[in-house]
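Take a look at the structure below.
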Amino acid sequence: MSLMPRWLRRRPQLSIIVIAYQMDRELPRTLHSLTRAYQQGTEQLDYEVLVVDNGSPSPFGAERVRAFGPEFRYHYVREAQVSPAQAVNLGVAMTRGQNVCVMIDGARMLTPGVLGLAVSAHRAYQDATISVMGWHLGPKVQHDSVLEGYNQQQEDALLASIGWPDDGYRLFEIAALAGSCARGWFYPMGESNAVFVPRAAFERLGGFEERFNARGGGFVNLDFYRRAVLRPEAGLVVLLSEGTFHQVHGGVATNAISDRAEKQQQWHDQYVAIRGERFTEPDKPPIYLGAIHPAVVPSIQSSPAPVRVDP
């Protein structure tokens, strides 16, 4: 009889790597949104979730992660880098799924159809990059809304007002499109904060580029997403009516910082130094997978793309 842990013996369909740093308030919501109780159509899905705690001064802890279900594991990085790139690559190496989903920011909750649809996309398209649109909880993108007084207490009240997590699609009612997706559903995205690729594709890409060594990673997630999308052999699948929703927590890239414009320029300059060109959104015609949920009809109707949807 093998003494190896069960998670080492099996090869699940999907491994989800969640990177966290000092997210005691936000991470439990993110992890709940990855549970079987919340995600639809996962009864037959064999998946695992690995939380990589990137050196939090107050570690979140394995016991708290395991409480979300047998699919959940925890790893604490003691000698952590200020960029999450190394933590992402470590997390992927520690998992065994045929496909991997990278969530570089553990403060992002999911809608309930993400996992089931993503695995369906992997079954339908042998080598696809699967993308989920990004949103910010609150009235505006958070680097603007926090300057106007938006805070964690207001966010808690918003989530209570929609009865989350009873109906995860109501998150659309209390959120604004992230800057990377600001043009709406039918235009290219700058990045995805739940990006799915086959494990073999992740390895061929060399994973996340660890030369992006700025605090928070700078353009590391944008860089990986662009490379994953533009693989010539790969299709791009966008999950329709699904999203990731960022909780306010004082992160370097998303929430307000006094020198945001200067930081963005520094991050872009580093991208140019590494890649030899300016960053542009990866423009590839996508396949949209999923049904139009009533909760997203307003955002689809307001999209500037020449698409008409009747409610």
Side-chain angles (χ1 to χ4, degrees), residues 16 18-35 37-40 49 51 60 64 67-68 103-115 117 132-185 189-194 216 221 239-258 260 290 292-303 311:
I16 304 161
V18 180
I19 309 301
Y21 179 83
Q22 289 297 93
M23 294 178 176
D24 273 6
R25 168 184 171 271
E26 297 81 20
L27 185 59
R29 290 173 179 152
T30 296
L31 297 183
H32 180 80
S33 76
L34 291 167
T35 61
Y38 181 91
Q39 284 290 321
Q40 300 170 356
V49 179
V51 174
F60 191 79
R64 294 173 69 189
F68 286 91
M103 297 181 64
I104 196 171
D105 184 352
R108 295 181 184 263
M109 307 148 66
L110 302 178
T111 44
V114 170
L115 299 191
L117 276 177
V132 183
M133 283 190 60
W135 301 70
H136 288 188
L137 295 176
K140 299 178 180 179
V141 289
Q142 287 171 356
H143 52 261
D144 290 335
S145 65
V146 296
L147 293 174
E148 299 172 4
Y150 183 71
N151 56 34
Q152 293 177 333
Q153 291 71 36
Q154 291 184 22
E155 189 164 273
D156 293 344
L158 279 177
L159 288 166
S161 75
I162 63 167
W164 191 88
D166 291 346
D167 180 357
Y169 289 103
R170 294 197 66 189
L171 290 168
F172 289 107
E173 299 175 19
I174 59 169
L177 280 165
S180 60
C181 306
R183 289 188 291 171
W185 287 95
M189 306 179 204
E191 65 175 328
S192 174
N193 282 277
N221 196 49
L239 301 187
L240 192 60
S241 297
E242 305 296 336
T244 68
F245 293 80
H246 187 265
Q247 304 168 70
V248 67
H249 66 99
V252 174
T254 309
N255 299 154
I257 51 177
S258 58
R260 178 178 174 79
I292 296 177
H293 193 282
V296 303
V297 168
S299 61
I300 289 177
Q301 289 179 321
S302 64
S303 170

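Just so we're clear, the structure is a prediction, and the values are computed from it rather than from any experiment.
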Check your understanding: Please walk me through it: do Leu34 and Phe68 pass side chain to side chain contact (heavy atoms under 4.5 Å, CB included)?
Key -> CA-CA 9 Å; Leu34 291 167; Phe68 286 91; over 6 Å; no

Exercise for review: Kindly indicate, with the supporting measurements, whether the criterion side chain to side chain contact (heavy atoms under 4.5 Å, CB included) is fulfilled by Glu191 and Ile104.
Suggested key: CA-CA 11 Å; Glu191 65 175 328; Ile104 196 171; 5.6 Å; no

**Study point:** Test side chain to side chain donor-acceptor pair (under 3.5 Å) applied to His246 and Asp105, step by step
**Key:** CA-CA 8 Å; His246 187 265; Asp105 184 352; 3.0 Å; yes

**Study point:** Check against side chain to side chain contact (heavy atoms under 4.5 Å, CB included), Leu137 and Val248
**Key:** CA-CA 8 Å; Leu137 295 176; Val248 67; over 6 Å; no

Practice item. Would you sort out whether Met23 and Thr30 count as a side chain to side chain contact (heavy atoms under 4.5 Å, CB included), showing the intermediate values? Key: CA-CA 10 Å; Met23 294 178 176; Thr30 296; over 6 Å; no

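Using a 4.5 Å heavy-atom threshold, the side chains of Val297 and Gln301 count as touching. No side-chain heavy atom of Ser180 sits less than 4.5 Å from a side-chain heavy atom of Met189. Looking at His249 and Gln22, their side chains never come closer than 4.5 Å, going by heavy atoms from C-beta outward. Side-chain contact between Val132 and Met103 is absent, with no heavy-atom pair separated by less than 4.5 Å. At least one side-chain heavy atom of Trp185 sits under 4.5 Å from a side-chain heavy atom of Val296.
Ring pair Phe245/Trp135 is parallel by interplanar angle, where below 30° counts as parallel and above 60° as perpendicular. Using the six-membered ring where Trp is involved, His32 and Tyr38 have ring planes that are perpendicular, over 60° apart on the 30 and 60° scheme. Between Tyr169 and Phe172, the angle of the ring planes stays under 30°, which puts this pair in the parallel group of the 30/60° scheme.
Scanning both residues, Ser302 and Ser299, for their nearest heavy atoms gives OG-O, 3.1 Å. Across all non-hydrogen atoms, the minimal contact from His293 to Ser241 is N-OG, 2.8 Å. Listed here is the closest heavy atom pair of Pro139 and Ala176: O-CB, 3.9 Å. In terms of heavy-atom proximity, Val141 sits nearest to His136 at CA-ND1, 3.4 Å. The two atoms that bring Cys181 and Met133 nearest to each other are CB-CE, 3.6 Å, heavy atoms only.
Between the CD atom in Gln152 and the CG atom in Asp156 there is a gap of 7.0 Å [rounded to 0.5 Å]. Distance check: Leu117 CG to Leu239 CG gives 5.5 Å after rounding to the nearest 0.5 Å. How far CZ of Arg170 is from CG of Leu158: 11.0 Å, rounded to the nearest 0.5 Å. In this structure, CG in Leu27 is found 12.0 Å from CE in Met109, a value given to the nearest 0.5 Å. The CD1 atom of Ile162 lies 4.5 Å from the CG atom of Leu171; values are rounded to the nearest 0.5 Å.
Of the candidates Gln142, Arg108, Glu155, Arg29, Arg29 is the only one forming a side chain to side chain donor-acceptor pair (under 3.5 Å) with Gln247.
With Thr111 contributing its side chain and Gly243 its backbone, the two residues share a donor-acceptor pair below 3.5 Å. The backbone N or O of Leu110 lies less than 3.5 Å from a partner atom in the side chain of Ser33, making a donor-acceptor pair.
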